[in-house]
A.B. asks: 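Pasting in a structure now, in structure tokens, and then I'll have a few things to ask.
Positions are given from 1, in the same order as the sequence printed here.
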Amino acid sequence: MPDHALVPDDFVVPADLITPQFRLEPLGPQHNAADHAAWTSSIEHIRATSGFHDRGWPPADGMALEANLVDLQRHADDFAQRRGFTYTVIGTASGEVIGCVYIYPSRNDDHDTDVRSWVRADRAELDAPSQAAVTTWLSTNWPLGTLNYQPR
């Protein structure tokens with residue numbers, strides 16, 4: 001993980017993205033139980049999603065709620081230090097956690113920023129629309145350079 005900010009100091013990081021079907025808000029420890037329930041219900045689906053094939057996440061056998069909390073705290077720390085930005089995806093109508101979006105520096109020289117996202121298996125129909133909305137949001141409102149966000 002780089003120890004420098006992904007965005008300039010004067011950039012105001014958006015607190016949310018709101019669409020008719022879902023909204024994004026910064027992922028943090030307060031989402032632990034709902035986040036854990038969301039991804040553990042959809043491990044195979046997430047691992048089959050573009051961008052997750054060879055990452056080893058989520059773990060095939062899951063992880064304890066306490067370990068998930070440590071992971072969420074790491075993402076919140078990255079967000080606070082502007083090194084990477086992880087948002088939880090919440091269904092507008094239900095208020096339930098239905099996915100996650102990760103925005104981090106690229107792991108290769110082909111792009112500036114890597115973006116990955118997943119939605120729960122029971123909300124799979126939102127995968128392509130959420131990717132399209134997030135791509136537009138990042139491309140028009142963020143200073144991230146070229147994005148690596150694998151199509152759905």
Side-chain angles (χ1 to χ4, degrees), residues 1-17 19 22-32 34-90 97-121 123-124 126-152:
M1 175 60 54
D3 61 354
H4 62 279
L6 177 59
V7 294
D9 290 343
D10 62 348
F11 176 68
V12 178
V13 176
D16 57 26
L17 167 66
T19 77
F22 63 87
R23 65 183 165 84
L24 304 185
E25 66 180 51
L27 178 69
Q30 70 275 19
H31 300 110
N32 191 35
D35 174 76
H36 187 264
W39 70 259
T40 57
S41 72
S42 301
I43 292 172
E44 288 182 28
H45 174 74
I46 296 167
R47 289 175 71 105
T49 299
S50 297
F52 291 89
H53 295 117
D54 14 341
R55 296 194 61 94
W57 194 93
D61 296 331
M63 74 168 75
L65 190 59
E66 296 78 18
N68 195 67
L69 180 60
V70 170
D71 195 42
L72 297 191
Q73 187 59 58
R74 179 182 55 82
H75 285 300
D77 291 346
D78 287 345
F79 201 108
Q81 295 171 13
R82 304 166 68 87
R83 294 185 306 211
F85 303 94
T86 303
Y87 289 85
T88 190
V89 182
I90 299 173
V97 170
I98 60 171
C100 207
V101 176
Y102 308 86
I103 307 159
Y104 277 88
S106 180
R107 293 179 172 207
N108 63 52
D109 294 333
D110 296 341
H111 304 295
D112 298 309
T113 306
D114 285 335
V115 183
R116 292 178 295 117
S117 64
W118 58 266
V119 295
R120 290 187 332 218
R123 299 303 300 271
L126 291 179
D127 196 23
S130 66
Q131 190 218 15
V134 169
T135 298
T136 299
W137 180 57
L138 295 176
S139 297
T140 59
N141 295 300
W142 289 71
L144 298 174
T146 57
L147 304 177
N148 177 24
Y149 196 175
Q150 296 182 12
R152 303 302 195 250

A.B. asks: Any donor and acceptor pair, going by atom type alone, linking the side chain of H36 with main-chain N or O of M63 inside 3.5 Å?
C.D. replies: yes

A.B. asks: Using 0.5 Å steps for rounding, measure from the CD atom of Q81 to the CG atom of L6.
C.D. replies: 13.0 Å

A.B. asks: Counting the benzene-type ring for Trp, do Y149 and H111 have ring centres under 6.0 Å apart?
C.D. replies: no

A.B. asks: Looking only at heavy atoms, which two atoms of L69 and P29 are closest? And how far apart?
C.D. replies: CD1-CB, 3.6 Å

A.B. asks: Output, in order, the C-alpha distance, side-chain angles, deciding distance and verdict of side chain to side chain contact (heavy atoms under 4.5 Å, CB included) for V134 and L24.
C.D. replies: CA-CA 9 Å; V134 169; L24 304 185; 4.0 Å; yes

A.B. asks: Any chance you could measure E66, atom CD, to D71, atom CG, to the nearest 0.5 Å?
C.D. replies: 13.5 Å

A.B. asks: With side chain to side chain contact (heavy atoms under 4.5 Å, CB included) as the test, would you mind laying out the steps for D78 and T86 before giving the verdict?
C.D. replies: CA-CA 8 Å; D78 287 345; T86 303; over 6 Å; no

A.B. asks: Does L65 offer a backbone N or O that forms a donor-acceptor pair with the side chain of N32 under 3.5 Å?
C.D. replies: yes

A.B. asks: Within this structure, what is the CG-CG distance for the pair N108 and N148, rounded to the nearest 0.5 Å?
C.D. replies: 6.5 Å

A.B. asks: To check you understand the geometry: which heavy-atom pair defines the closest contact between S117 and T49, and what is its length?
C.D. replies: O-CG2, 3.6 Å

A.B. asks: Taking all atoms of both residues into account, what is the closest heavy-atom pair of Q150 and G51, and its distance?
C.D. replies: OE1-N, 3.0 Å

A.B. asks: Measure across P59 and I43 and return the closest heavy-atom pair with its distance rounded to 0.1 Å.
C.D. replies: O-CD1, 3.6 Å

A.B. asks: Would V13 and W142 count as a side chain to side chain contact (heavy atoms under 4.5 Å, CB included) if you check the C-alpha gap in whole Å, the side-chain angles of each, and the deciding distance to 0.1 Å?
C.D. replies: CA-CA 8 Å; V13 176; W142 289 71; 3.6 Å; yes

A.B. asks: Heavy atoms only: give me the nearest A34-V97 pair and the separation to one decimal.
C.D. replies: CB-CG2, 3.5 Å

A.B. asks: Would you say the side chain of W39 lies within less than 4.5 Å of the side chain of C100, judging by non-hydrogen atoms?
C.D. replies: no

A.B. asks: Do D112 and S106 pair up side chain to side chain, a donor and an acceptor below 3.5 Å, judged on atom types alone?
C.D. replies: no

A.B. asks: Going by heavy atoms in the side chains, are R120 and W118 under 4.5 Å from each other?
C.D. replies: yes

A.B. asks: Out of curiosity, R47 CZ to W57 CH2, how far, rounded to the nearest 0.5 Å?
C.D. replies: 10.0 Å

A.B. asks: CD1 of I98 to CZ of R23: how many Å apart, nearest 0.5 Å?
C.D. replies: 10.0 Å

A.B. asks: Give the minimum heavy-atom separation between P58 and I46, together with the two atoms involved.
C.D. replies: CD-CG2, 3.4 Å

A.B. asks: With sequence neighbours excluded, tell me which residues meet side-chain hydrogen bond (donor to acceptor under 3.5 Å, both in side chains) with H31.
C.D. replies: E25

A.B. asks: So which of Y87, Y104, Y102 actually passes ring-ring contact (aromatic ring centres under 6.0 Å, His included) with F79?
C.D. replies: Y87

A.B. asks: Less than 3.5 Å apart, any donor N or O on the side chain of Q73 or D77 sitting next to an acceptor on the other?
C.D. replies: yes

A.B. asks: Please assess F11 against R82 for the test side chain to side chain contact (heavy atoms under 4.5 Å, CB included), listing each intermediate value before the final yes or no.
C.D. replies: CA-CA 10 Å; F11 176 68; R82 304 166 68 87; 3.8 Å; yes

A.B. asks: For D35 and N68: C-alpha separation, side-chain torsions, deciding distance, then whether side chain to side chain donor-acceptor pair (under 3.5 Å) applies.
C.D. replies: CA-CA 8 Å; D35 174 76; N68 195 67; 3.1 Å; yes

A.B. asks: Would you check if the side chain of H53 reaches a backbone N or O of A48 as a donor-acceptor pair within less than 3.5 Å?
C.D. replies: yes

